[in-house]
Protein chains: 2
Amino acid sequence: MSSVLDGLAVDPASDRAVFRQIADQLRSAMEDGRLREGDRLPSEAQLIDHYGVARMTVRSALQLLEAEGLTRAEHGRGVYVRKKPPVRRLASDRFARRHRKEGKAAFLAESEQAGAIPDVDLIQVNETTVPPEIGERLNHSGPVVVRSRRYSLDGTPVETATSYLPAEIAHGTPIADPNPGPGGIYARLEELGHTLERFTEEVTARMPTEAEARILAMAPGVPVFRLVRTAFDTDGRAVEVCDTIMSADAYVLNYELPAH
Amino acid sequence: MSSVLDGLAVDPASDRAVFRQIADQLRSAMEDGRLREGDRLPSEAQLIDHYGVARMTVRSALQLLEAEGLTRAEHGRGVYVRKKPPVRRLASDRFARRHRKEGKAAFLAESEQAGAIPDVDLIQVNETTVPPEIGERLNHSGPVVVRSRRYSLDGTPVETATSYLPAEIAHGTPIADPNPGPGGIYARLEELGHTLERFTEEVTARMPTEAEARILAMAPGVPVFRLVRTAFDTDGRAVEVCDTIMSADAYVLNYELPAH
DNA sequence: CAGTGGTCTAGACCACTGC
DNA sequence: CAGTGGTCTAGACCACTGT
């Protein structure tokens with residue numbers, strides 16, 4: 001009976017640790033298609049038999065692959081080649097005013113267009129003192145209205161977002177309500193006289209914190225994007241900062257750069 | 001004698017695995033400042049003594065922290081709270097023509113401005129058939145000139161880049177030389193009549209492949225950005241695709257979005 | 001129930017660091 | 001040299017899955 005392990009062996013005398021050699025061989029099998037998305041890897045017991053090593057050695061190899069985001073272990077079932085989730089493409093014009101005309105907030109409008117079922121939950125709105133990092137971007141100190149929420153697609157959480165707006169702008173307005181109404185808070189800002197002129201986005205990537213991994217139900221080996229967007233009105237005033245954490249395997253970010 | 005472990009204990013009867021509890025406690029110490037950047041964590045032997053557990057248990061805890069990018073183990077020395085490397089900020093106008101006037105390629109010009117010592121090595125230029133993924137973006141099939149190189153700052157590799165240009169544009173020109181001359185290949189493209197109009201950038205993040213981790217000397221627990229930039233000339237023709245892999249902890253990407 | 005992965009123990013030998 | 005982390009063995013018991 002044929003298996004991806006046929007003919008594979010490790011060299012205990014090699015400089016490269018045995019568990020790394022085992023991981024290398026399984027990784028190669030995934031790279032050249034002997035193992036495909038969704039396939040089950042050989043079980044720990046099979047790897048132990050095949051390579052003649054202790055269980056911890058094969059577990060170290062499997063853990064390495066999991067940390068690289070290549071596999072996913074399912075308790076009681078097996079270890080599988082990870083499937084890539086559907087990807088959300090963020091276009092650079094996604095906050096353009098024309099996309100707000102239909103009365104939908106950005107996330108809902110885009111998702112329905114992509115054929116996925118969007119959901120928003122864990123909505124919280126409150127008023128606090130601005131965190132220093134955000135205050136710098138808002139060029140504002142003192143009270144801010146803070147709106148946080150979690151977005152899901154087809155039941156899978158993909159993104160959390162926290163918006164900060166100066167209280168003097170947002171206090172007592174629909175922006176401070178859990179449901180800000182059609183078009184989202186950007187539509188409300190414009191109604192309040194803050195016509196939006198431009199946005200800046202600052203993108204970083206890192207492994208999720210424990211809290212982020214929990215709230216986004218993240219698999220090991222998947223990083224997050226952190227995207228901090230600042231909205232400026234036509235007076236050049238920063239009127240909102242939105243701090244977003246996104247499961248990186250669910251996103252492609254598209255931008256346009258000028259050449260002049 | 002006082003230590004970050006003072007008063008800390010684990011509950012073996014808890015639902016949460018002991019090694020996760022140990023990781024939680026060390027993570028908390030890093031979050032609230034009891035352990036700071038560069039500090040040494042308690043040694044494995046100290047953790048074993050303090051918690052009364054086996055070595056594999058404390059190693060599992062430490063490995064979890066390393067995979068989260070929080071710590072770095074140094075053989076024979078100890079486990080340390082990871083220091084954040086200096087960050088390179090990429091501005092959205094970094095390919096604007098005005099930045100090419102001084103005759104420096106983008107990377108060198110920026111780095112010197114930031115006070116770091118840039119280096120470029122592993123330069124390779126050859127001609128091959130265009131990979132499908134790149135061909136789609138170039139809207140071109142057939143031969144391409146491929147330029148790949150590695151960039152370092154202060155001796156630390158931070159980025160690899162591979163440029164693809166249609167051979168009919170680049171063949172036999174300085175673009176196909178290892179050293180393309182002042183201003184880099186974008187200056188050469190414009191001299192050849194391909195005035196650059198705009199760029200698109202597509203940003204993703206994931207854990208590095210084994211090969212990427214090696215060439216960029218990456219620590220465990222640090223993801224990479226993949227940035228695929230396409231350059232268009234004033235005829236709307238895609239004239240270059242640049243595929244870049246960057247150590248994510250060394251970069252912040254800045255972009256501007258229009259509101260209209 | 002058998003098979004799977006999750007956790008944990010109690011050792012062993014090794015390689016690297018710094019004194 | 002003592003102290004550190006890196007690798008590996010050979011078990012144990014548990015929880016989850018599917019038949």
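Below, chains carry the letters A, B, ... as their sequence lines are ordered, and counting in each starts from 1.
Taken together, the paired segments of DNA chain D that extend over three or more consecutive Watson-Crick or G-U pairs, each closer than 3.5 Å at both contacts, are C:1-18 with D:1-18.
For R40(B), a side-chain nitrogen or oxygen approaches OP1 or OP2 of dT4(D) to under 4.0 Å. The side chain of R77(B) places an N or O atom within less than 4.0 Å of a non-bridging phosphate oxygen (OP1 or OP2) of dG18(C). In this structure, R16(B) does not reach the dT7(C) phosphate: none of its side-chain N or O atoms is under 4.0 Å from OP1 or OP2. For the OP1/OP2 pair of dT4(D) and a distance below 4.0 Å, the side-chain nitrogens and oxygens of S43(B) include at least one atom meeting the criterion. The phosphate of dT7(D) (OP1 or OP2) has no side-chain N or O of S60(A) nearer than 4.0 angstrom. Of the side-chain N and O atoms in T57(B), none sit less than 4.0 angstrom from OP1 or OP2 of dT7(C). The side chain of R20(B) places an N or O atom within less than 4.0 Å of a non-bridging phosphate oxygen (OP1 or OP2) of dT7(C).
Defined by atom type and a distance below 3.5 Å, a donor-acceptor pair is present between the side-chain atoms of Y255(A) and E201(A).
Ion pairing between a basic and an acidic side chain is recognised when a charged N comes within 4.0 Å of a carboxylate O; E44(A) and R55(A) show such pairing.
Summarising the geometry, the separation between CD on Q46(B) and P on dT4(D) is reported as 6 Å, rounded to the nearest angstrom. Taking atom CG of residue D15(B) and atom C1' of nucleotide dG6(C), one finds them 13 Å apart after rounding to whole Å. We find that CG of L62(B) is positioned 13 Å from P of dT4(D), with the value rounded to whole Å. Regarding R55(A), its CZ atom lies at a distance of 15 Å from the P atom of dT9(C), rounded to whole Å. Taking atom CD of residue E44(A) and atom P of nucleotide dC16(D), one finds them 16 Å apart after rounding to whole Å. At whole-Å resolution of the value, CZ in R59(B) and C1' in dC14(C) are 12 Å apart. The distance from atom CD of Q63(A) to atom P of dG6(D) is 13 Å, rounded to the nearest whole Å. The CD1-C1' distance, from I48(A) to dC8(D), rounds to 13 Å in whole Å.
Aromatic stacking of H75(A) on dG6(C): not satisfied for centres closer than 5.5 Å together with planes under 30 degrees.
The CG atom of L70(A) lies 11.5 Å from the CG atom of L62(A); values are rounded to the nearest 0.5 Å.
Within the 4.5 Å cutoff, the side chain of L41(A) has heavy atoms near those of the T71(A) side chain.
The side-chain hydrogen bond (donor to acceptor under 3.5 Å, both in side chains) check on Y251(B) picks up R88(B), E159(B), with sequence neighbours excluded.
When distances run from any side-chain atom of A54(A) to the nucleotides dT9(D), dG5(C), dT4(C), the shortest one goes to dT9(D).
Residue V125(B) comes nearest to P178(B) through the heavy atom pair CG2-CA, 3.8 Å, listed as atom of the first residue, atom of the second, then distance.
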Exercise for review: Report the C-alpha separation of R16(B) and D24(B) in whole Å, then their side-chain angles, then the decisive distance to 0.1 Å, and conclude whether the salt bridge (charged side-chain N to carboxylate O under 4.0 Å, His left out) test is met.
Suggested key: CA-CA 10 Å; R16(B) 194 157 176 82; D24(B) 289 343; 2.6 Å; yes
